[in-house]
Every structure is written in structure tokens, then in C-alpha cells.
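Let me begin by presenting the structure, written as C-alpha cells, before commenting on it.
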Amino acid sequence: MGMLQLNAVLGSLVVTLGFWLVWGQLPAVLFALAGVGVAAFLLWRAETIGAVWAWATLLLGVESFAWPVATMVQVKLTADQGAQPTDEQMGLILTAVLFGLFSSIFWLTFSYGLFKRMVWKKADAGKDKA
């Protein structure tokens, strides 16, 4: 197994772990399918190891952003019709919003930096050839 494939598998494991943290109640088969799908996507889109991790961190940022939304939907679905959320549910939403948005900003910014670095490297490689 080459380094690119190994990093794609590791990246898919990281993204799948994040997916599991957000949607922990789903069957394990769905997590396995998500992992295989992410690995296939990373191998399809990424030409370098840096690109693998740029895409993986982008997916982590999107997952982190979806976490508060998923938590709010879960609370809404479990709450009685027309009832206000309990203090425990509101604490769960607050935690998801604070940590979800913070980690989303972190991972999306990190991903942006990796993609920007790839563009700079391609530009430098183009200068060297000219």
C-alpha cells in the first residue's frame, strides 16, 4: 500500500470518527459505508498526501458545523409536541453550538491553509519549469 492510500485510509478513519461523534446512534454498517465512501472520495480527489488531509480537514469542518444542527434536530424530535426543551437539553444544545462552531472554524481554517499551500506549491512548480 502506497503512502497516498495509507493517508487516505487514515483520513477516512478520522472523518468517520467525527461522523460517529455527531451521529452516534446510527448502525455500525452506516459508519463503515461512510468510511469506505470517504476513503474512495479522498483517493479520487487527492493527488498528494497534502491534498488528502486538506479534503479530510474540510470534511471535518463541515461535520463540526453540522453537529449543532443535528443536536437541535434530535432535541426537537425527542421533545414532546409543543413543549419547551429541558435544561439538560438546552445544555446539550449550548455545548454543541459552542464546541461545534469553534471546531468548525478551526478545521475549515486549517483546510483553507492546506489548500492555499497546495496552490502555492503548484505556482512555484510552474515557475521552476518556465
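Starting from 1, each residue takes its place in the sequence as its number.
In this structure, Leu33 CG and Leu26 CG are separated by 11.5 Å, a value rounded to the nearest 0.5 Å. A distance of 8.0 Å separates CG of Leu108 from OG1 of Thr57, quoted to the nearest 0.5 Å.
Taking every heavy atom of both residues into account, Ser111 and Ala54 meet most closely at OG-O, 3.0 Å. In this structure, Ala34 and Thr16 approach most closely via the heavy-atom pair C-OG1, 4.1 Å.
Looking at heavy atoms from C-beta onward, Leu21 lies out of side-chain contact with Trp67 at the 4.5 angstrom threshold. Within the 4.5 Å cutoff, the side chain of Leu92 has no heavy atoms near those of the Gln74 side chain. By the 4.5 Å heavy-atom criterion applied to side chains, Gln89 and Thr78 are counted as neighbours.
Applying the under-4.5 Å side-chain rule to Ile, Leu, Val, Met, Phe, Trp and Tyr, the cluster around Leu98 extends to Leu94.
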Using the side-chain contact (heavy atoms from CB on, under 4.5 Å) rule, take Leu17 and Phe31 through it: C-alpha gap first, then chi angles, then the decisive distance, then the call.
CA-CA 9 Å; Leu17 179 65; Phe31 295 116; over 6 Å; no
Show your working on side-chain hydrogen bond (donor to acceptor under 3.5 Å, both in side chains) between Ser64 and Ser103 and close with a plain yes or no.
CA-CA 6 Å; Ser64 298; Ser103 62; 3.2 Å; yes
Go through the steps for Leu4 and Glu47 under the test side-chain contact (heavy atoms from CB on, under 4.5 Å), then give the verdict.
CA-CA 8 Å; Leu4 182 66; Glu47 301 169 358; over 6 Å; no
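Although no hydrogens or angles enter the test, the distance criterion places no donor-acceptor pair under 3.5 Å between the side chain of Ser12 and the main chain of Val38.
Every ring pair (Phe, Tyr, Trp, His ring centres under 6.0 Å) that Phe115 has, sequence neighbours left out, goes to Trp55.
Shown here is Phe65, whose CZ atom has no more than 12 heavy atoms of other residues, nucleotides or ligands within 6.0 Å.
Relative orientation of the Phe106 and Phe110 rings is parallel, given thresholds of 30° and 60° on the angle between their planes.
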